[in-house]
Amino acid sequence: MQRLPNLIWLRSFEAAARLLNFTETGKELGLTQTAVSLHIKALEETLQCQLFRRSARHLTLTDVGEAYAMAVRAAIGEMNLATVSLFGSATTQTLTVRAPISTVSLWLAPRLPAFVAAHPDINLRLVSTIWAHSAGEEDVDIDIQLATAGQIEPGAERLSTETIVPVADADAGDLTGRPDLLLAAPLIRILGYEDSWANYIASLGITGPARGKRLSVDTTAAALALAAAGGGRAMIVTRFARQAIASGTRIRIAGAPIPFAQAHFLARSPRAAARKPEAELFAAWLRAAFEEDRDLP
């Protein structure tokens, strides 16, 4: 006989694993905190395994609980996908997606038409942010963040591992392996990522500060436009550089990539309707898009 726990308990477990708070879980599911606690206790007794570590002020998942949460979340997502695919949404829904302006303009926007074509009953609303910490209190369904692991709230899902590359204008010629030529032009720095050039120069084995003019801009899009115009060299997230080239921006990659401390994460807001089918459809599509892009040259 299949060992399938009570589905109501699993629903409570998935929400509690995401929110790490029984009271907030109850608010989301329309239950009392006591009911959620009883569901989790019954599930743990059925599985004969502890899923949460409980303390006076903190609730955390055990290793087994974290692994089980991923499996349960995936199963619920599949059920949502199947329901929407077979029966459609009850009404047209608007999905609010928040992401850094660089991610929206340089990577996400060219891919969104495919999602819109596949799901014409979902209206998309994009909310862009320049800085990771500038996101307001507005509820969003999908919150994409580009940040370090230490800047992300617990429970966020990593979508990518990023690298950065130097880029120059398309007429600069092949600068790979020629740091003398690469660094001869003005270096374009992006506010908030000023250490990118220092890290890259150190990876080349060059000591001491880079000489020459320095230019500063506040967005990756501005850095790309300046580099394409021959205004200098810029350090760009590799996936953004590849997409810019594919879209016709007159730049070229001018060196090998190096690791980048930041990554893209899918954050879950306790206030957002994160479990509605439309959000799960977009999250699944987003994971696939990042995975597909990961293996591109």
Side-chain angles (χ1 to χ4, degrees), residues 5-47 49-81 83-84 93-99 125 127 129 132-159 263-284 286-287:
N6 186 298
L7 293 180
I8 295 178
W9 301 347
L10 291 178
R11 184 186 65 165
S12 295
F13 168 67
E14 187 283 325
R18 174 163 38 85
L19 300 174
L20 295 177
N21 185 298
F22 286 170
T23 300
E24 292 298 324
T25 298
K27 291 179 181 178
E28 179 175 303
L29 300 180
L31 301 171
T32 64
Q33 183 271 344
T34 301
V36 172
S37 181
L38 289 173
H39 289 173
I40 301 302
K41 182 178 180 181
L43 180 61
E44 289 179 325
E45 290 178 351
T46 299
L47 299 176
C49 181
Q50 184 178 357
L51 300 174
F52 290 95
R53 298 185 186 92
R54 300 163 176 81
S55 64
R57 295 185 178 181
H58 298 286
L59 185 69
T60 59
L61 287 163
T62 63
D63 290 343
V64 173
E66 186 170 351
Y68 194 46
M70 293 178 62
V72 171
R73 186 172 298 122
I76 292 176
E78 287 295 325
M79 286 189 288
N80 280 329
L81 286 172
T83 301
V84 173
Q93 297 292 328
T94 296
L95 196 65
T96 300
V97 179
R98 181 169 60 191
R125 174 173 174 262
V127 180
T129 59
H133 61 270
S134 68
E137 294 300 318
E138 179 181 18
D139 282 351
V140 295
D141 301 302
I142 296 292
D143 193 6
I144 307 167
Q145 298 182 17
L146 179 61
T148 64
Q151 296 171 326
I152 293 297
E153 293 293 326
E157 175 187 350
R158 181 187 286 268
L159 294 170
H264 282 96
F265 291 85
L266 175 58
R268 299 287 188 178
S269 170
R271 298 183 302 276
R275 305 323 301 170
K276 66 183 184 183
E278 293 77 16
E280 291 307 308
L281 278 169
F282 191 89
L286 190 65
R287 295 183 193 102

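Residue numbers run from 1 in the order of the sequence given.
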*Asks:* If you measure from CG on Leu159 to CZ on Phe265, what distance do you get to the nearest 0.5 Å?
*Replies:* 8.5 Å
*Asks:* Quick one: are Asn21 and Leu59 in side-chain contact, heavy atoms under 4.5 Å?
*Replies:* no
*Asks:* CG of Leu19 to CD of Glu14: how many Å apart, nearest 0.5 Å?
*Replies:* 8.0 Å
*Asks:* Can you tell me if Arg53 uses its side chain to pair, donor with acceptor, with the backbone of Leu61 under 3.5 Å?
*Replies:* yes
*Asks:* Please check if the number of heavy atoms outside Glu66 that lie under 6.0 Å from its CD is greater than 12.
*Replies:* no
*Asks:* Where is the tightest heavy-atom contact between Ala147 and Ile152, given as atom of each residue plus distance?
*Replies:* CB-CD1, 3.9 Å
*Asks:* If the condition is side chain to side chain contact (heavy atoms under 4.5 Å, CB included), which residues does Ala42 pass it with, not counting sequence neighbours?
*Replies:* Trp9
*Asks:* Counting C-beta onward and ignoring hydrogens, is there a side-chain heavy-atom pair between His39 and Leu29 closer than 4.5 Å?
*Replies:* no
*Asks:* Compare every heavy atom of Ser12 with every heavy atom of Thr25, then report the nearest pair and how far apart it is.
*Replies:* CG2-O, 3.8 Å
*Asks:* Quick one: closest heavy-atom pair of Val64 and Cys49, and the distance?
*Replies:* CG1-SG, 3.6 Å
*Asks:* Side-chain contact, heavy-atom cut-off 4.5 Å: Arg73 with Arg18?
*Replies:* yes
*Asks:* Which residues pass the side chain to side chain contact (heavy atoms under 4.5 Å, CB included) test with Thr34, sequence neighbours left out?
*Replies:* Thr32, Leu38
*Asks:* Is the closest side-chain heavy-atom distance between Asn6 and Leu43 below 4.5 Å?
*Replies:* no
*Asks:* Considering only heavy atoms from C-beta outward, does the side chain of Glu157 approach that of Leu286 to under 4.5 Å?
*Replies:* no
*Asks:* Does the side chain to side chain contact (heavy atoms under 4.5 Å, CB included) test come out yes or no for Glu44 and Thr62, once each step is laid out?
*Replies:* CA-CA 12 Å; Glu44 289 179 325; Thr62 63; over 6 Å; no
*Asks:* Would you check, one step at a time, whether the test side chain to side chain contact (heavy atoms under 4.5 Å, CB included) holds for Asp141 with Glu278?
*Replies:* CA-CA 9 Å; Asp141 301 302; Glu278 293 77 16; over 6 Å; no
*Asks:* To the nearest 0.5 Å, what is the distance between CG (Leu266) and CD (Gln145)?
*Replies:* 9.0 Å
*Asks:* Distance from Glu280 atom CD to Ile76 atom CD1, nearest 0.5 Å?
*Replies:* 8.5 Å
*Asks:* Ion pair present between Lys27 and Glu24, side-chain N to carboxylate O less than 4.0 angstrom?
*Replies:* yes
*Asks:* Contact between Thr60 and Phe52 at the side-chain level, heavy atoms closer than 4.5 Å - yes or no?
*Replies:* no
*Asks:* Please find the pair of heavy atoms, one from Ala156 and one from Ala267, that lie closest to each other, and give the distance.
*Replies:* CB-CA, 4.2 Å
*Asks:* How close do Ile40 and Ala16 get, heavy atom to heavy atom, and via which atoms?
*Replies:* CD1-CB, 4.3 Å
*Asks:* Applying ring-ring contact (aromatic ring centres under 6.0 Å, His included), name anything that partners Tyr68, two or more places apart in sequence or on another chain.
*Replies:* Phe13
